[in-house]
Asker: 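Encoded as structure tokens, here's the structure I'll be asking about.
For this chain, numbers begin at 1 and follow the sequence in order.
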Amino acid sequence: TLTTTTPLADDVRAALQACGVDLSVVGGDAQVASPITGEPLIGARLDTVADIDAAVGRAAEAFPAWRDTPAPLRGQLVKRWGELLTEHKEHLATLVTAEVGKTPSEARGEVQEMIDIADLAVGQSRQLFGKTMPSERPGHRLQEVWHPLGVVGVISAFNFPVAVYAWNTALALVCGDTVVWKPADAARLSAIAVDALLAKAVSEAGAPKGIHQLLLTDADGSRKLVEDPRVALVSATGSVRMGREVAPAVAARFGRTLLELGGNNGAIVAPSADLDLALRGVVFAAAGTAGQRCTTLRRLFVHSSVADQLTKRVVAAYESLAVGDPREDGVLVGPLVNQRSYEAQQAALAAAREQGGTVLAGGDRELADAHPDAYYVRPAVVSMPDQTAIVHEETFAPILYVMTYDDLGEAIALHNAVPQGLSSAIFTTDQGEAERFLSSAGSDCGIANVNIGTSGAEIGGAFGGEKETGGGRESGSDAWKAYMRPSTQTVNYSGQLPLAQGVTFI
Ligand code: NAD
């Protein structure tokens, strides 16, 4: 039941096979279309409600054995997975490009992030540290120990179809949890390949088979996962709209959530900024990945003394960006993921115009004749008189709203005035200004950068944002703690029974 087109579909079939996927079991009704041409690639299976229930059941059943496996041994499984991801980097990148339209360079970068987090998780597997605290009672020891949580449900977004899943899964596995993954509808084939590589690592390591489960389902199926009381933690990446549905559903059963939701990222360009550097930082952050990163730069606040100069240069750079099939040499901006995304981009530009904005560059659809079912747009630069209603929204497309400011305090206030709080940046050579932006009175985001754009984080730091971005932190630093439960333990070796706070009883 395979429906294919060439040559994209041929590349995809070859990449899947190279990753050990049996193509005879891939075929199914859920067509995955490539945003590059709009043509169907290979149909994938669609799981039923009963399949979802069974998959959670298998993950729950596998948990005790995995929990009881020493963490450094769990790390060895992730180490092997990381080796397989390295070996198949090019195959996985091919799938990411075909399914979500990233340039090969960005697709490889995404797979590299998976390899990086696997490395980090292997080290972490020997460092699941708990603290020991001095007890106030003689002959007592007070300590915390971090225990595995249980089943972790990972829901991922189309725009980082495999990396964000790997951030969660590599850490969850070393932490002793089992994982049920619901990938984005647009990216089922890369999910099948990544899962096949994990299956290979699991089998080689002799780990319990059930510790990873792949659910190929839509948002309705995903809701079943969210509501299932056997799922201890739901780690969900996607829009604020999705988070608004997921968070209360999990809270209603007192489960845990780790939310990585939408961003509406801003950058300030100060009068002292190195404008060459700012230009490159701005253009990569705003137009890269066709504006479809959660950390994409969407709001630019430029000091009025340099605004004309910088804006002209950004416009010129935008006009020279090669938009098109991301597999072609020199192309930097691929397609939007689908027609809905294009309609949202057009609606946002219309709203911006209505709200007093002027489109200085881009915004129009391109290549419609060659690819009527694919949606390419030239990234847009829009000058706004102030931060109007549309600028408060995340439109998941390459639209950069430019505003001017005179006073840094005013710029920081405007920067923080949107509901989202993911990533932020300032371009300045004035240390005082940089420190002010990084301080608690500065950017209110989870990520704050100086002389770097808003996108392109490394996995070593914790990743995530505040306010409507959901408050979750993933990948480096202490993010592993979200996948474990602390047990506070008091051991009395005194032979007496002194009570805390000096309380007396029998
Ligand atoms: P989306 O919200 O449409 O879907 C994300 C995932 O959630 C998909 O797998 C989808 O099937 C599932 N889903 C949707 N509604 C659901 C529900 N009610 N219950 C359970 N699951 C549900 O997002 P998208 O279009 O795939 O991705 C783009 C969005 O993701 C943007 O808003 C972007 O900023 C955000 N994003 C955030 C981060 C981050 O780390 N903060 C990273 C990547 C993407």
Side-chain angles (χ1 to χ4, degrees), residues 52-82 117-132 141-155 165-182 194-195 197-215 225-236 250 253-258 472-491:
I52 296 165
D53 185 61
V56 176
R58 287 191 293 273
E61 243 171 65
F63 173 64
W66 190 237
R67 175 197 64 199
D68 297 345
T69 304
L73 288 187
R74 300 192 298 244
Q76 290 307 300
L77 163 69
V78 173
K79 183 174 177 182
R80 181 64 190 130
W81 189 36
I117 195 72
D119 281 350
L120 183 137
V122 175
Q124 195 76 65
S125 72
R126 290 183 184 270
Q127 301 176 82
L128 303 174
F129 297 134
K131 288 176 176 156
T132 304
R141 178 155 55 82
L142 184 57
Q143 65 181 17
E144 84 191 1
V145 176
W146 290 84
H147 290 318
L149 254 190
V151 178
V152 176
V154 178
I155 297 171
Y165 149 77
W167 295 354
N168 282 284
T169 301
L171 285 176
L173 288 177
V174 299
C175 289
D177 302 327
T178 60
V179 176
V180 181
W181 179 21
K182 190 286 184 206
V194 165
D195 186 64
L197 294 175
L198 181 51
K200 188 169 184 203
V202 164
S203 140
E204 287 178 16
K209 256 180 89 177
I211 62 172
H212 67 117
Q213 301 290 326
L214 175 63
L215 289 183
L225 175 68
V226 163
E227 287 162 6
D228 196 313
R230 293 170 295 180
V231 179
L233 168 70
V234 174
S235 176
V250 180
R253 60 175 179 82
F254 297 102
R256 296 186 187 195
T257 48
L258 202 175
R473 290 296 186 279
E474 287 178 355
S475 106
S477 186
D478 280 348
W480 62 272
K481 290 183 174 171
Y483 307 90
M484 303 199 85
R485 61 178 178 90
S487 166
T488 299
Q489 307 176 342
T490 309
V491 179

Asker: Start with the C-alpha gap between Thr169 and Val194, add the side-chain angles, then the distance that decides, and say whether side-chain contact (heavy atoms from CB on, under 4.5 Å) holds.
Answerer: CA-CA 11 Å; Thr169 301; Val194 165; over 6 Å; no
Asker: Please check if atom CZ in Arg253 has more than 12 non-hydrogen atoms from other residues, nucleotides or ligands closer than 6.0 Å.
Answerer: yes
Asker: First locate atom OG of Ser475, then atom CG of Leu120, and finally report the distance between them rounded to the nearest 0.5 Å.
Answerer: 7.0 Å
Asker: Tell me whether Gln143 contacts the main-chain N or O of Gln489 through its side chain, where contact means a donor paired with an acceptor under 3.5 Å.
Answerer: no
Asker: I need the minimum non-hydrogen distance between Arg473 and Ala479, along with the two atoms involved.
Answerer: O-CB, 3.5 Å
Asker: Leu77 versus Val202: any side-chain heavy-atom pair under 4.5 Å?
Answerer: yes
Asker: Parallel under 30°, tilted from 30 to 60°, perpendicular over 60°: which one fits the rings of Tyr165 and Trp81?
Answerer: perpendicular
Asker: Taking all atoms of both residues into account, what is the closest heavy-atom pair of Ala170 and Val78, and its distance?
Answerer: O-CG2, 3.9 Å
Asker: Which heavy-atom pair separates Ser477 from Gln124 by the least distance, and what is that distance?
Answerer: O-OE1, 4.2 Å
Asker: State, with a plain yes or no, whether a side-chain heavy atom of Gln213 is found less than 4.5 Å away from one of Val56.
Answerer: no
Asker: Can you confirm whether Arg485 sits close enough to Leu233 that some side-chain heavy atom of one is under 4.5 Å from a side-chain heavy atom of the other?
Answerer: no
Asker: Considering only heavy atoms from C-beta outward, does the side chain of Glu144 approach that of Ser487 to under 4.5 Å?
Answerer: no
Asker: So, Asp177 side chain and Val151 main chain: donor-acceptor pair closer than 3.5 Å or not?
Answerer: no
Asker: Could you tell me the separation between the CH2 atom of Trp167 and the CD1 atom of Ile117, rounded to the nearest 0.5 Å?
Answerer: 8.0 Å
Asker: Can you find a heavy atom in the side chain of Leu225 that is under 4.5 Å from one in the side chain of Val234?
Answerer: no
Asker: Leu142 versus Thr488: any side-chain heavy-atom pair under 4.5 Å?
Answerer: yes
Asker: Shortest non-hydrogen contact from Ala62 to Gly210?
Answerer: CB-C, 3.6 Å
Asker: Less than 4.0 Å between a side-chain N and a carboxylate O, is that true for Arg230 and Asp53?
Answerer: yes
Asker: Is any side-chain heavy atom of Gln76 less than 4.5 Å from a side-chain heavy atom of Lys79?
Answerer: yes
Asker: For Ala55 versus Val180, what's the shortest heavy-atom pair and its separation?
Answerer: O-CG2, 4.4 Å
Asker: Check whether any side-chain heavy atom of Leu258 sits under 4.5 Å from a side-chain heavy atom of Tyr483, and report yes or no.
Answerer: yes
Asker: Testing Leu128, Ile211, Leu173 one by one against Arg74 for a side-chain contact (heavy atoms from CB on, under 4.5 Å), which residue passes?
Answerer: Leu128
Asker: Return yes if some donor-acceptor pair links the side-chain N/O of Arg141 with the main-chain N/O of Thr132 below 3.5 Å, else return no.
Answerer: no
Asker: For the NZ atom of Lys209 and the CH2 atom of Trp66, what is their distance to the nearest 0.5 Å?
Answerer: 15.5 Å
Asker: How far apart are the closest heavy atoms of Met484 and Cys175, and which atoms are they?
Answerer: CE-O, 3.3 Å
Asker: Between Ile155 and Val226, is the side-chain contact (heavy atoms from CB on, under 4.5 Å) condition met? List the steps.
Answerer: CA-CA 9 Å; Ile155 297 171; Val226 163; 3.6 Å; yes
Asker: How many angstroms lie between CD1 in Ile52 and CG in Asp228, if you round to the nearest 0.5 Å?
Answerer: 10.0 Å
